[in-house]
Amino acid sequence: MSEEEKDTTNSEKSPAVFERVKEQFQDGVLDLSEEFDELSIVAHKDFVYGILEFLKNDAELSYDFLVDVTAVDYSQMEDVLTKYDYARFMVVYHLYSYKTGHRLRVKAPVHEKELSVRTVTSLWKGAAWLEREAYDMFGITFENHPDLRRILMPDDFEGYPLCKDYPLRGRGERETFDFERQNA
Amino acid sequence: MGLENRSDDNIITTTVDKVINWGRKNSLWPMPFGTACCAIEMMATLASKYDLSRFGAEAIRFSPRQSDLLIVSGRISLKMMPVLKKIYDQMPEPKWVISMGACASCGGVFDTYTLIQGVDQFLPVDMYIPGCPPRPEDLIDAVLQIQRQIDAGEFPKGTIPDANSVSVAG
(Lines give C-alpha, C1' and ligand atoms only; values in the text may rest on other atoms or scores of the structure.)
Protein backbone atom coordinates (compact mmCIF):
# COMPACT_ATOMS: atom_id res chain seq x y z
CA MET A 1 0.00 0.00 0.00
CA SER A 2 1.48 3.31 -1.07
CA GLU A 3 1.53 6.43 1.05
CA GLU A 4 -1.36 7.98 -0.87
CA GLU A 5 -3.63 4.98 -0.51
CA LYS A 6 -3.13 4.73 3.21
CA ASP A 7 -6.42 5.01 5.01
CA THR A 8 -6.14 7.87 7.48
CA THR A 9 -9.80 8.19 8.38
CA ASN A 10 -9.34 6.08 11.49
CA SER A 11 -5.96 7.48 12.46
CA GLU A 12 -5.47 8.16 16.13
CA LYS A 13 -2.73 10.69 15.41
CA SER A 14 -3.29 14.38 15.36
CA PRO A 15 -1.39 15.97 12.45
CA ALA A 16 -1.10 19.40 14.06
CA VAL A 17 -0.28 18.65 17.67
CA PHE A 18 3.52 18.71 17.38
CA GLU A 19 3.63 22.13 15.66
CA ARG A 20 1.11 23.61 18.08
CA VAL A 21 2.95 22.41 21.17
CA LYS A 22 6.37 23.35 19.78
CA GLU A 23 5.25 26.87 18.91
CA GLN A 24 3.64 27.37 22.34
CA PHE A 25 6.39 25.85 24.53
CA GLN A 26 9.70 26.12 22.67
CA ASP A 27 12.09 25.51 25.59
CA GLY A 28 9.86 23.10 27.47
CA VAL A 29 9.73 20.51 24.68
CA LEU A 30 12.68 18.11 24.79
CA ASP A 31 11.65 15.64 22.13
CA LEU A 32 8.87 14.93 19.65
CA SER A 33 8.69 11.44 18.26
CA GLU A 34 6.48 8.92 16.54
CA GLU A 35 7.09 5.33 17.44
CA PHE A 36 4.95 2.26 16.80
CA ASP A 37 2.40 4.51 15.11
CA GLU A 38 1.92 6.58 18.28
CA LEU A 39 2.77 10.20 19.00
CA SER A 40 4.89 11.06 21.98
CA ILE A 41 6.06 14.33 23.51
CA VAL A 42 8.88 14.52 26.02
CA ALA A 43 8.68 17.72 28.00
CA HIS A 44 10.60 19.36 30.83
CA LYS A 45 8.83 18.64 34.08
CA ASP A 46 8.35 22.34 34.89
CA PHE A 47 6.44 22.78 31.63
CA VAL A 48 4.43 19.57 31.62
CA TYR A 49 1.50 20.98 33.57
CA GLY A 50 1.23 23.92 31.19
CA ILE A 51 1.43 21.62 28.17
CA LEU A 52 -1.28 19.33 29.51
CA GLU A 53 -3.46 22.33 30.34
CA PHE A 54 -2.96 23.64 26.81
CA LEU A 55 -3.72 20.26 25.23
CA LYS A 56 -6.88 19.90 27.27
CA ASN A 57 -8.28 23.39 26.83
CA ASP A 58 -7.30 24.08 23.23
CA ALA A 59 -10.51 24.01 21.21
CA GLU A 60 -8.90 22.35 18.20
CA LEU A 61 -6.81 19.68 19.95
CA SER A 62 -9.18 19.09 22.86
CA TYR A 63 -7.40 16.21 24.64
CA ASP A 64 -10.14 16.12 27.25
CA PHE A 65 -9.69 12.60 28.64
CA LEU A 66 -6.77 11.51 30.80
CA VAL A 67 -6.38 7.80 30.12
CA ASP A 68 -3.55 7.05 32.52
CA VAL A 69 -0.81 8.52 34.66
CA THR A 70 2.09 6.25 35.38
CA ALA A 71 5.87 6.25 35.57
CA VAL A 72 8.80 4.29 34.20
CA ASP A 73 12.10 3.53 35.89
CA TYR A 74 14.80 3.93 33.22
CA SER A 75 17.72 3.22 35.57
CA GLN A 76 18.82 0.23 33.47
CA MET A 77 18.39 1.85 30.05
CA GLU A 78 21.62 3.69 29.39
CA ASP A 79 20.51 5.25 26.08
CA VAL A 80 17.48 6.93 27.63
CA LEU A 81 19.48 8.05 30.66
CA THR A 82 22.17 9.76 28.59
CA LYS A 83 19.57 11.41 26.39
CA TYR A 84 17.78 13.11 29.28
CA ASP A 85 20.60 14.17 31.60
CA TYR A 86 20.48 11.00 33.71
CA ALA A 87 16.91 11.48 34.88
CA ARG A 88 16.01 8.13 36.36
CA PHE A 89 12.23 8.26 36.09
CA MET A 90 9.72 9.45 33.56
CA VAL A 91 6.19 10.37 34.48
CA VAL A 92 3.92 9.35 31.62
CA TYR A 93 0.53 10.85 30.77
CA HIS A 94 -1.74 9.21 28.21
CA LEU A 95 -4.35 11.48 26.67
CA TYR A 96 -7.36 10.88 24.47
CA SER A 97 -9.65 13.30 22.72
CA TYR A 98 -13.32 12.44 22.58
CA LYS A 99 -13.78 15.15 20.00
CA THR A 100 -11.23 14.02 17.43
CA GLY A 101 -10.44 10.45 18.53
CA HIS A 102 -6.73 11.27 18.70
CA ARG A 103 -4.33 9.85 21.24
CA LEU A 104 -1.14 11.34 22.65
CA ARG A 105 1.55 10.45 25.14
CA VAL A 106 3.32 13.12 27.21
CA LYS A 107 6.40 12.19 29.19
CA ALA A 108 8.40 14.17 31.74
CA PRO A 109 11.87 13.08 32.92
CA VAL A 110 12.28 13.32 36.70
CA HIS A 111 15.58 13.21 38.56
CA GLU A 112 15.91 11.01 41.61
CA LYS A 113 17.12 13.89 43.79
CA GLU A 114 14.04 16.04 43.14
CA LEU A 115 11.37 13.41 42.74
CA SER A 116 8.29 15.55 42.34
CA VAL A 117 5.93 16.79 39.65
CA ARG A 118 3.03 19.20 39.87
CA THR A 119 -0.27 17.33 40.22
CA VAL A 120 -2.80 17.43 37.38
CA THR A 121 -5.78 16.79 39.68
CA SER A 122 -6.90 20.38 39.06
CA LEU A 123 -7.27 19.50 35.35
CA TRP A 124 -8.63 15.98 35.73
CA LYS A 125 -10.02 14.82 39.08
CA GLY A 126 -9.47 11.25 37.94
CA ALA A 127 -5.73 11.82 38.16
CA ALA A 128 -5.88 11.61 41.95
CA TRP A 129 -5.81 7.81 42.21
CA LEU A 130 -3.50 7.40 39.21
CA GLU A 131 -0.95 9.71 40.83
CA ARG A 132 -1.33 7.89 44.11
CA GLU A 133 -0.42 4.68 42.30
CA ALA A 134 2.67 6.27 40.76
CA TYR A 135 3.62 7.51 44.22
CA ASP A 136 3.01 4.08 45.73
CA MET A 137 5.05 2.19 43.14
CA PHE A 138 7.88 4.64 42.36
CA GLY A 139 7.95 7.16 45.23
CA ILE A 140 7.30 10.12 42.96
CA THR A 141 5.53 12.88 44.87
CA PHE A 142 2.93 15.09 43.25
CA GLU A 143 2.92 18.66 44.54
CA ASN A 144 -0.43 19.96 45.84
CA HIS A 145 -2.04 16.55 45.49
CA PRO A 146 -5.18 16.53 47.70
CA ASP A 147 -4.57 13.11 49.26
CA LEU A 148 -1.18 11.57 48.46
CA ARG A 149 -1.21 8.19 50.23
CA ARG A 150 -0.32 4.66 49.17
CA ILE A 151 -3.13 3.08 47.23
CA LEU A 152 -2.18 -0.55 46.54
CA MET A 153 0.46 -1.46 49.12
CA PRO A 154 -0.28 -1.50 52.87
CA ASP A 155 0.09 1.89 54.57
CA ASP A 156 3.15 0.80 56.55
CA PHE A 157 4.96 -0.70 53.55
CA GLU A 158 8.51 0.49 53.07
CA GLY A 159 10.11 0.96 49.68
CA TYR A 160 8.74 1.39 46.18
CA PRO A 161 8.27 -2.00 44.55
CA LEU A 162 8.17 -1.07 40.85
CA CYS A 163 11.63 0.50 41.00
CA LYS A 164 14.08 -1.69 39.11
CA ASP A 165 16.33 -2.08 42.15
CA TYR A 166 13.50 -3.56 44.22
CA PRO A 167 13.90 -7.35 44.36
CA LEU A 168 11.03 -9.31 42.81
CA ARG A 169 10.59 -11.54 45.84
CA GLY A 170 10.70 -8.53 48.14
CA ARG A 171 12.98 -7.54 50.97
CA GLY A 172 11.70 -10.21 53.34
CA GLU A 173 8.25 -8.73 53.91
CA ARG A 174 6.73 -12.10 53.02
CA GLU A 175 8.71 -13.79 55.77
CA THR A 176 8.41 -11.08 58.42
CA PHE A 177 4.75 -10.35 57.72
CA ASP A 178 3.40 -9.18 61.07
CA PHE A 179 0.11 -10.97 60.82
CA GLU A 180 -1.15 -10.60 64.37
CA ARG A 181 -0.64 -6.85 64.36
CA GLN A 182 -2.25 -6.46 60.95
CA ASN A 183 -5.20 -8.50 62.13
CA ALA A 184 -5.75 -6.51 65.32
CA MET B 1 -53.09 -41.70 59.84
CA GLY B 2 -52.14 -45.32 59.58
CA LEU B 3 -48.47 -44.48 59.54
CA GLU B 4 -48.01 -45.87 63.03
CA ASN B 5 -49.30 -49.25 61.88
CA ARG B 6 -46.90 -49.42 58.96
CA SER B 7 -43.77 -48.74 61.02
CA ASP B 8 -44.93 -50.96 63.84
CA ASP B 9 -41.99 -53.29 64.16
CA ASN B 10 -39.30 -51.19 62.45
CA ILE B 11 -36.63 -49.51 64.53
CA ILE B 12 -33.50 -47.71 63.34
CA THR B 13 -30.70 -47.46 65.85
CA THR B 14 -27.99 -44.84 65.35
CA THR B 15 -25.99 -42.24 67.26
CA VAL B 16 -26.76 -38.56 67.47
CA ASP B 17 -23.37 -37.76 65.94
CA LYS B 18 -24.07 -39.93 62.93
CA VAL B 19 -27.36 -38.15 62.29
CA ILE B 20 -25.78 -34.72 62.77
CA ASN B 21 -22.88 -35.54 60.47
CA TRP B 22 -25.26 -36.93 57.87
CA GLY B 23 -27.17 -33.67 57.88
CA ARG B 24 -24.03 -31.58 58.02
CA LYS B 25 -22.27 -33.19 55.08
CA ASN B 26 -25.30 -32.85 52.84
CA SER B 27 -25.84 -29.17 53.54
CA LEU B 28 -22.45 -27.49 53.50
CA TRP B 29 -22.90 -23.73 53.25
CA PRO B 30 -19.90 -22.29 51.42
CA MET B 31 -18.42 -18.87 52.05
CA PRO B 32 -16.84 -17.87 48.71
CA PHE B 33 -13.64 -15.85 48.92
CA GLY B 34 -13.05 -15.30 45.24
CA THR B 35 -10.21 -12.96 44.32
CA ALA B 36 -9.19 -14.15 40.86
CA CYS B 37 -9.98 -16.40 37.91
CA CYS B 38 -10.59 -19.42 40.18
CA ALA B 39 -13.70 -17.58 41.34
CA ILE B 40 -15.03 -17.72 37.78
CA GLU B 41 -14.70 -21.51 37.86
CA MET B 42 -16.37 -21.49 41.27
CA MET B 43 -19.30 -19.56 39.81
CA ALA B 44 -19.49 -22.07 36.96
CA THR B 45 -19.56 -24.86 39.54
CA LEU B 46 -22.54 -23.24 41.21
CA ALA B 47 -24.40 -22.47 37.99
CA SER B 48 -26.75 -24.79 36.18
CA LYS B 49 -24.28 -26.84 34.09
CA TYR B 50 -22.22 -28.23 36.97
CA ASP B 51 -24.80 -27.46 39.66
CA LEU B 52 -23.22 -27.87 43.07
CA SER B 53 -26.73 -28.06 44.56
CA ARG B 54 -26.76 -31.72 43.49
CA PHE B 55 -24.41 -32.20 46.44
CA GLY B 56 -26.26 -29.90 48.82
CA ALA B 57 -23.64 -27.15 48.86
CA GLU B 58 -25.37 -24.46 46.83
CA ALA B 59 -26.44 -22.16 49.68
CA ILE B 60 -23.69 -19.60 49.12
CA ARG B 61 -23.55 -17.14 51.99
CA PHE B 62 -21.61 -13.93 51.78
CA SER B 63 -21.80 -13.75 55.54
CA PRO B 64 -19.13 -15.86 57.27
CA ARG B 65 -21.39 -16.21 60.31
CA GLN B 66 -23.84 -18.30 58.29
CA SER B 67 -21.38 -20.60 56.55
CA ASP B 68 -19.19 -23.56 57.39
CA LEU B 69 -17.04 -24.07 54.28
CA LEU B 70 -14.55 -21.41 53.24
CA ILE B 71 -13.52 -21.62 49.57
CA VAL B 72 -10.38 -19.54 49.02
CA SER B 73 -10.27 -19.15 45.26
CA GLY B 74 -7.58 -16.81 44.03
CA ARG B 75 -4.47 -14.86 44.90
CA ILE B 76 -4.19 -13.57 48.47
CA SER B 77 -1.88 -10.59 48.95
CA LEU B 78 -0.23 -9.48 52.16
CA LYS B 79 -2.87 -6.77 52.43
CA MET B 80 -5.74 -9.20 51.88
CA MET B 81 -4.60 -11.96 54.27
CA PRO B 82 -5.79 -10.20 57.48
CA VAL B 83 -9.22 -9.77 55.87
CA LEU B 84 -9.36 -13.45 54.96
CA LYS B 85 -8.29 -14.48 58.46
CA LYS B 86 -10.93 -12.22 60.01
CA ILE B 87 -13.58 -13.85 57.84
CA TYR B 88 -12.34 -17.33 58.81
CA ASP B 89 -12.41 -16.37 62.50
CA GLN B 90 -16.02 -15.22 62.20
CA MET B 91 -17.24 -18.56 60.87
CA PRO B 92 -18.88 -20.79 63.49
CA GLU B 93 -17.29 -24.18 64.13
CA PRO B 94 -17.07 -26.77 62.79
CA LYS B 95 -15.67 -25.19 59.65
CA TRP B 96 -13.74 -26.44 56.67
CA VAL B 97 -11.35 -24.68 54.30
CA ILE B 98 -10.78 -25.42 50.62
CA SER B 99 -7.71 -23.85 49.06
CA MET B 100 -8.70 -23.67 45.41
CA GLY B 101 -6.05 -23.39 42.71
CA ALA B 102 -2.29 -22.90 42.56
CA CYS B 103 -2.26 -19.30 43.82
CA ALA B 104 -4.18 -19.92 47.03
CA SER B 105 -2.24 -23.12 47.69
CA CYS B 106 1.33 -21.97 46.99
CA GLY B 107 1.36 -18.55 45.34
CA GLY B 108 1.28 -20.04 41.86
CA VAL B 109 3.32 -18.19 39.29
CA PHE B 110 3.24 -15.04 41.44
CA ASP B 111 6.44 -15.52 43.39
CA THR B 112 6.53 -11.81 44.23
CA TYR B 113 6.97 -9.36 47.08
CA THR B 114 3.28 -8.94 47.73
CA LEU B 115 1.76 -12.39 47.53
CA ILE B 116 1.11 -14.93 50.29
CA GLN B 117 2.87 -18.12 49.21
CA GLY B 118 0.06 -20.42 50.30
CA VAL B 119 -2.82 -19.54 52.62
CA ASP B 120 -1.99 -22.61 54.70
CA GLN B 121 0.65 -20.47 56.41
CA PHE B 122 -2.20 -18.79 58.24
CA LEU B 123 -5.31 -20.96 57.81
CA PRO B 124 -5.87 -24.67 58.50
CA VAL B 125 -6.58 -25.93 54.98
CA ASP B 126 -8.57 -29.18 54.73
CA MET B 127 -8.47 -29.66 50.99
CA TYR B 128 -6.15 -28.36 48.28
CA ILE B 129 -7.23 -28.23 44.66
CA PRO B 130 -4.41 -28.11 42.11
CA GLY B 131 -4.88 -26.37 38.77
CA CYS B 132 -4.65 -22.96 37.22
CA PRO B 133 -7.58 -22.57 37.42
CA PRO B 134 -9.03 -25.97 38.41
CA ARG B 135 -12.03 -27.21 36.49
CA PRO B 136 -15.46 -27.23 38.17
CA GLU B 137 -15.20 -31.02 38.47
CA ASP B 138 -12.15 -30.54 40.68
CA LEU B 139 -14.05 -28.27 43.04
CA ILE B 140 -16.96 -30.73 43.14
CA ASP B 141 -14.46 -33.50 43.95
CA ALA B 142 -13.03 -31.43 46.80
CA VAL B 143 -16.50 -30.85 48.24
CA LEU B 144 -17.22 -34.58 47.98
CA GLN B 145 -13.93 -35.39 49.71
CA ILE B 146 -14.89 -33.06 52.56
CA GLN B 147 -18.29 -34.75 52.71
CA ARG B 148 -16.49 -38.09 53.04
CA GLN B 149 -14.36 -36.69 55.85
CA ILE B 150 -17.44 -35.44 57.67
CA ASP B 151 -19.18 -38.77 57.16
CA ALA B 152 -16.18 -40.59 58.58
CA GLY B 153 -16.39 -38.37 61.63
CA GLU B 154 -13.06 -36.66 61.08
CA PHE B 155 -12.39 -33.30 62.67
CA PRO B 156 -11.72 -30.38 60.40
CA LYS B 157 -8.07 -29.28 60.58
CA GLY B 158 -8.98 -26.03 62.31
CA THR B 159 -10.77 -27.67 65.21
CA ILE B 160 -9.06 -28.30 68.51
CA PRO B 161 -10.97 -31.19 70.10
CA ASP B 162 -12.33 -30.04 73.44
CA ALA B 163 -13.68 -32.46 76.03
CA ASN B 164 -16.41 -30.02 77.07
CA SER B 165 -17.74 -29.21 73.63
CA VAL B 166 -20.09 -31.38 71.62
CA SER B 167 -18.02 -33.75 69.53
CA VAL B 168 -18.34 -33.77 65.78
CA ALA B 169 -16.80 -37.23 65.64
CA GLY B 170 -19.08 -40.14 64.72
Side-chain angles (χ1 to χ4, degrees), chain A residues 68-77 88-90 92 112 115 128-142 145 147-184, chain B residues 31 33-37 39 62-65 67 70-72 74-93 95 97 99 101-126 128 132 157-160:
Chain A
D68 197 11
V69 178
T70 184
V72 184
D73 180 359
Y74 281 107
S75 58
Q76 289 170 4
M77 289 183 73
R88 178 173 169 185
F89 296 97
M90 284 230 206
V92 187
E112 210 174 357
L115 212 50
W129 282 17
L130 302 170
E131 291 181 343
R132 275 177 69 184
E133 189 187 353
Y135 164 72
D136 194 1
M137 292 290 132
F138 296 95
I140 296 164
T141 53
F142 291 86
H145 189 285
D147 183 26
L148 196 63
R149 291 178 289 131
R150 287 189 180 275
I151 189 168
L152 296 172
M153 303 308 293
D155 290 333
D156 58 351
F157 190 82
E158 284 169 23
Y160 300 101
L162 275 193
C163 291
K164 292 290 176 196
D165 56 1
Y166 200 90
L168 177 65
R169 293 189 174 89
R171 290 176 176 153
E173 53 271 73
R174 268 180 357 196
E175 289 71 29
T176 58
F177 178 50
D178 192 349
F179 181 73
E180 292 304 324
R181 187 169 53 77
Q182 300 258 348
N183 201 31
Chain B
M31 161 79 213
F33 199 88
T35 52
C37 39
F62 287 92
S63 160
R65 292 173 196 274
S67 49
L70 176 64
I71 304 176
V72 185
R75 304 176 291 272
I76 303 296
S77 65
L78 293 181
K79 206 175 174 184
M80 187 59 88
M81 194 62 224
V83 180
L84 176 59
K85 177 74 163 117
K86 199 167 272 180
I87 281 170
Y88 174 77
D89 287 344
Q90 286 178 16
M91 290 166 63
E93 286 192 22
K95 51 192 171 185
V97 179
S99 167
C103 297
S105 304
C106 67
V109 295
F110 302 101
D111 188 8
T112 64
Y113 57 92
T114 187
L115 218 77
I116 297 286
Q117 301 295 300
V119 291
D120 55 359
Q121 292 173 40
F122 303 101
L123 295 183
V125 175
D126 293 278
Y128 300 87
C132 183
K157 284 240 178 70
T159 311
I160 303 157

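In this text the structure is predicted, and so the values were computed from the model without any measurement. The sequence lines fix the lettering, A, B, ..., with proteins before strands; numbering per chain opens at 1.
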Checklist entry - At what distance, to the nearest 0.5 angstrom, does CG of A:Asp156 lie from NZ of B:Lys79? => result 10.0 Å
Item to check | More than 12 heavy atoms of other groups within 6.0 Å of A:Arg169 CZ | outcome: no
Item to check | Note: A:Arg174-B:Asp111 ion pair, threshold 4.0 Å (strictly below) | outcome: yes
Next on the checklist: So for B:Ile116, is it side chain, backbone, both, or neither that comes closer than 4.5 Å to the heavy atoms of chain A?
Outcome noted: side chain
Next on the checklist: Is the shortest side-chain heavy-atom distance between A:Glu173 and B:Tyr113 below 4.5 Å?
Outcome noted: yes
